[in-house]
Amino acid sequence: KREVFFKTLLEVSKEFNAVFKELTNGRGWLRMEEKGNMDSGLIIEVEIPEKKVVNIDSLSGGEKTLTALAFILALQRHKPSPFYIFDEADEALDPVNCRKFSKLIRREASKTQFILTSLRKETLVEAQKIIGVTVNEGLSKVVEVEIK
Amino acid sequence: KREVFFKTLLEVSKEFNAVFKELTNGRGWLRMEEKGNMDSGLIIEVEIPEKKVVNIDSLSGGEKTLTALAFILALQRHKPSPFYIFDEADEALDPVNCRKFSKLIRREASKTQFILTSLRKETLVEAQKIIGVTVNEGLSKVVEVEIK
Amino acid sequence: LTIKSVELINFKSFKLANISFSAGFNAITGPNGSGKSNIVEAINFALGIRGSRALRAENVPQLIFNKGKARKARVTIVFEESRGEVRISREINRRGRSRYLLNGIRKTRTQIVDFLLKHNVQPGGHNIILQGDITKIIKMKPVERRAVIDEIS
Amino acid sequence: LTIKSVELINFKSFKLANISFSAGFNAITGPNGSGKSNIVEAINFALGIRGSRALRAENVPQLIFNKGKARKARVTIVFEESRGEVRISREINRRGRSRYLLNGIRKTRTQIVDFLLKHNVQPGGHNIILQGDITKIIKMKPVERRAVIDEIS
Ligand SMILES: Nc1ncnc2c1ncn2[C@@H]1O[C@H](COP(=O)(O)OP(=O)(O)OP(=O)(O)O)[C@@H](O)[C@H]1O
Ligand SMILES: Nc1ncnc2c1ncn2[C@@H]1O[C@H](COP(=O)(O)OP(=O)(O)OP(=O)(O)O)[C@@H](O)[C@H]1O
Ligand SMILES: [Mg+2]
Ligand SMILES: [Mg+2]
């Protein structure tokens, strides 16, 4: 059981590094608070290019979002869910990072279904289908647009 | 003391309605959880045009932001602070609401100083001064642009 | 397994809508308050989620379209599976009672949840991230975060 | 009272910067991680804020620019007041000790805070809203929110 845990941790950590590198060109890894103790806490550490490794609590808003997304996609690569739904996950991203994120989602979408809510055109331009919602007199209506 | 509290509450509630109306064309008010009991909780209620009054917890992300901003500006009109600093307050706003918000800040800025952090061009176009920050090899640099 | 379409009947701001999804990258957009998060919550709802936080409703009857005389709200998800289509429905009435259907047959919530679990889907799983929650994994206590690894080991 | 300028010396990602502000509407922009929130925190820092949450630092030495051999961090705010300029400085060293100056004269934190309070300014007051906190007033418990009215009554 302990073996399974640490094997999983190592694999997810590798995937986390891979996704984080795709998004930032930096490095990231997961480790236990107490080495070898599977009951202690899980620590996430990242190194943004040209910056020192910091506690993830002191990352900027956008950096936190990229870190969180890399973690979720690392879990997905290890144990895929059939679909992912993100409600305005890109709020804190600047235009450059927003586009990196949406391009990554587009690549992952060849093997997993993604449903994202977004206000950002950098996200919308990568979608294969756009669902437009409007409200009139308190009643919501939907328009569907196939892109590819 | 009780008189002062309810007098303040009434005035802030009126200001809250005024600002909320400017941002949404809707109505808003403040009231006590238990009528007349100044030790009970403070309830915020809003009515977005063409929608029913709802608990503010069930408002949409952007609607919550507009409600929060109206509340803060209502406090400011009642007891002004000399300056206001908002770090990415416009994250959840769509482009139309973002512009309404930045135009309101521009109007209020004739009597109060505002320092906002933002990634949104709808906010930047209303500023009187833009401070651009960039980072290179972990070192931040600033460029200042006077607009008006 | 993919979500082929979602039908909302009297759910929150939707009197009637039938939304079909691509098997790839879908983006839902529109003005503040138009109904984007309501669609996300409709999917969570049909998957059997419980609790007022995920649905932004103090009680279940608040989920029923409030402009008009609707007495029930229903969401149906049509899934595409290797063996064909699977339809899951959840309906609630003004008394707060939930009714679940799997391919038209009445099921208990537990049966629905068990079926979904076989496909690696659970209500409120980490594959559905609600508005404002993206950085939750960062703000979590390290031991809570470790539990996420436990779950997938 | 307005903020005329802010000088950052070895504070977080700023080795040296002197930023002058308009008395009206200022907007700080730039890429993720460039330093926008660091400027907001520098202002809070000079006003005497305490606590790791508002500064995103587990301890005070983490605020010192970490690329190089800097041993101190200092932030100076120049205020414009009816009677002229007022300069408030706060400096910290690697041992976590803070040093405050008001117009070049050494003061205690309490003296600085009292001076600011006369101008209706307080560190961590509701006039400074940190990233992600805008909807805090919505998520607050009603009794906490009522306390906000108490404070201004
Ligand atoms: N039972 C109901 N009947 C009718 N309308 C409802 C009901 N419950 C919620 N609403 C409305 O749904 C709207 C919220 O929609 P939603 O949260 O999906 O917006 P959104 O598109 O996600 O916006 P944002 O971009 O601001 O997050 C609110 O304005 C609310 O009044
Ligand atoms: N002591 C320090 N020395 C050098 N760099 C630091 C120090 N403390 C924090 N930083 C860096 O400052 C950066 C954070 O900057 P900040 O939070 O101001 O970004 P931001 O412009 O607000 O970005 P966002 O748009 O994502 O919110 C982090 O990348 C962090 O590595
Ligand atoms: Mg939403
Ligand atoms: Mg920031």
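Lettering of chains follows the sequences in order, A, B, ..., and the numbering in each one begins at 1.
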**Fill in**
Separation between CG (D:Leu16) and OG (B:Ser140), nearest 0.5 Å, reads 12.0 Å
**Asked** Tell me, side chain or backbone of B:Ser40 under 4.5 Å from chain D's heavy atoms, or both, or neither?
**Response** backbone
**pair D:Ile28-B:Leu116: side-chain heavy atoms closer than 4.5 Å** = no
**Prompt:** For atom CZ of D:Arg71, is the number of surrounding heavy atoms from other residues, nucleotides or ligands below 6.0 Å larger than 12?
**Reply:** no
**Item:** Heavy atoms from other residues, nucleotides or ligands near CZ of D:Arg87 exceed 12 (cutoff 6.0 Å)
**Value:** no
**Prompt:** Is there side-chain contact between D:Phe79 and B:Phe83, with at least one heavy-atom pair below 4.5 Å?
**Reply:** yes
**Within 6.0 Å of NZ in B:Lys100, more than 12 heavy atoms from elsewhere** = yes
**Request:** Ignoring hydrogens and angles, state whether a donor on the side chain of D:Ser20 or B:Lys129 is under 3.5 Å from an acceptor on the partner side chain.
**Result:** yes
**Message:** Tell me whether D:Lys67 at atom NZ has more than 12 heavy atoms from other residues, nucleotides or ligands lying less than 6.0 Å away.
**Reply:** yes
**Message:** Is it true that, when you exclude D:Lys107 itself, more than 12 heavy atoms of the residues, nucleotides or ligands shown sit nearer than 6.0 Å to its NZ?
**Reply:** yes
**Prompt:** Can you check side chain to side chain contact (heavy atoms under 4.5 Å, CB included) on D:Ile138 and B:Thr65, steps first, answer last?
**Reply:** CA-CA 9 Å; D:Ile138 310 278; B:Thr65 293; over 6 Å; no
**Prompt:** Do the non-hydrogen side-chain atoms of D:Phe21 and B:Ile115 ever get within less than 4.5 Å of each other?
**Reply:** yes
**Request:** Could you tell me whether the side chain of B:Arg120 reaches within less than 4.5 Å of the side chain of D:Thr29, counting heavy atoms only?
**Result:** no
**Message:** Under a 3.5 Å distance rule, please check whether D:Asn120 uses its side chain to pair with a backbone N or O of B:Pro80 as donor and acceptor.
**Reply:** yes
**Asked** Side chain, backbone, both or neither: which part of D:Ile19 has a non-hydrogen atom closer than 4.5 Å to chain B?
**Response** both
**Request:** Run the numbers on B:Val12 and D:Ile152 for side chain to side chain contact (heavy atoms under 4.5 Å, CB included), then give the verdict.
**Result:** CA-CA 10 Å; B:Val12 176; D:Ile152 69 166; 3.9 Å; yes
**Fill in**
Taken to the nearest 0.5 Å, the spacing of B:Asn37 CG from D:Arg146 CZ works out to 8.5 Å
**Prompt:** In terms of heavy-atom pairs under 4.5 Å, which option from D:Gly24, D:Ser22, D:Gly125, D:Gly30 contacts chain B the most?
**Reply:** D:Gly24
**Request:** Answer with side chain, backbone, both or neither: which region of D:Ile43 has an atom nearer than 4.5 Å to a non-hydrogen atom of chain B?
**Result:** side chain
**Item:** Side-chain touch B:Val133/D:Phe14, heavy atoms, less than 4.5 angstrom
**Value:** yes
**Item:** Side chain proximity check, D:Ile3 to B:Gln113, heavy atoms < 4.5 angstrom
**Value:** yes
**Prompt:** Roughly how far apart are D:Ser153 OG and B:Lys7 NZ, rounded to 0.5 Å?
**Reply:** 10.0 Å
**Message:** Counting only heavy atoms not in B:Lys111 (residues, nucleotides, ligands), do more than 12 fall under 6.0 Å from its NZ?
**Reply:** yes
**Fill in**
If one checks every heavy atom of B:Ile130 against chain D at 4.5 Å, the contacting part turns out to be both
**Prompt:** With a 4.5 angstrom heavy-atom cut-off, which part of B:Phe71 approaches chain D: side chain, backbone, both or neither?
**Reply:** side chain
**Request:** For the pair B:Asp87 (side chain) and D:Ile129 (backbone), establish whether a donor and an acceptor sit closer than 3.5 Å, ignoring hydrogens and angles.
**Result:** no
**Complete:** CG (D:Asn127) and CD (B:Gln76) are apart, to the nearest 0.5 Å, by 9.5 Å
**Request:** Could you tell me whether the side chain of B:Ile147 reaches within less than 4.5 Å of the side chain of D:Phe25, counting heavy atoms only?
**Result:** no
**Request:** Pick one of side chain, backbone, both or neither for B:Asp39, based on which atoms fall under 4.5 Å of a heavy atom in chain D.
**Result:** both
**Request:** Let me know if B:Glu126 has heavy atoms under 4.5 Å from chain D in its side chain, its backbone, both or neither.
**Result:** both
**Prompt:** In terms of heavy-atom proximity below 4.5 Å to chain B, should D:Glu81 be classed as side chain, backbone, both, or neither?
**Reply:** neither
**Complete:** d(B:Leu139 CG, D:Phe65 CZ) to nearest 0.5 Å is 4.5 Å
**Request:** Would you sort out whether D:Asn26 and B:Phe114 count as a side chain to side chain contact (heavy atoms under 4.5 Å, CB included), showing the intermediate values?
**Result:** CA-CA 6 Å; D:Asn26 300 270; B:Phe114 282 88; over 6 Å; no
**Item:** Which portion of D:Asn32 sits near chain B, non-hydrogen atoms under 4.5 angstrom
**Value:** side chain
**Prompt:** Can you tell me if D:Gln131 and B:Thr117 form a side-chain donor-acceptor pair at under 3.5 Å?
**Reply:** no
**Request:** Can you establish whether the number of heavy atoms outside D:Arg94 located under 6.0 Å from its atom CZ is more than 12?
**Result:** yes
**Message:** Within this structure, what is the OG1-NZ distance for the pair B:Thr134 and D:Lys36, rounded to the nearest 0.5 Å?
**Reply:** 10.5 Å
**Item:** D:Ile134 vs B:Ile72 side-chain heavy atoms within contact, under 4.5 Å
**Value:** yes
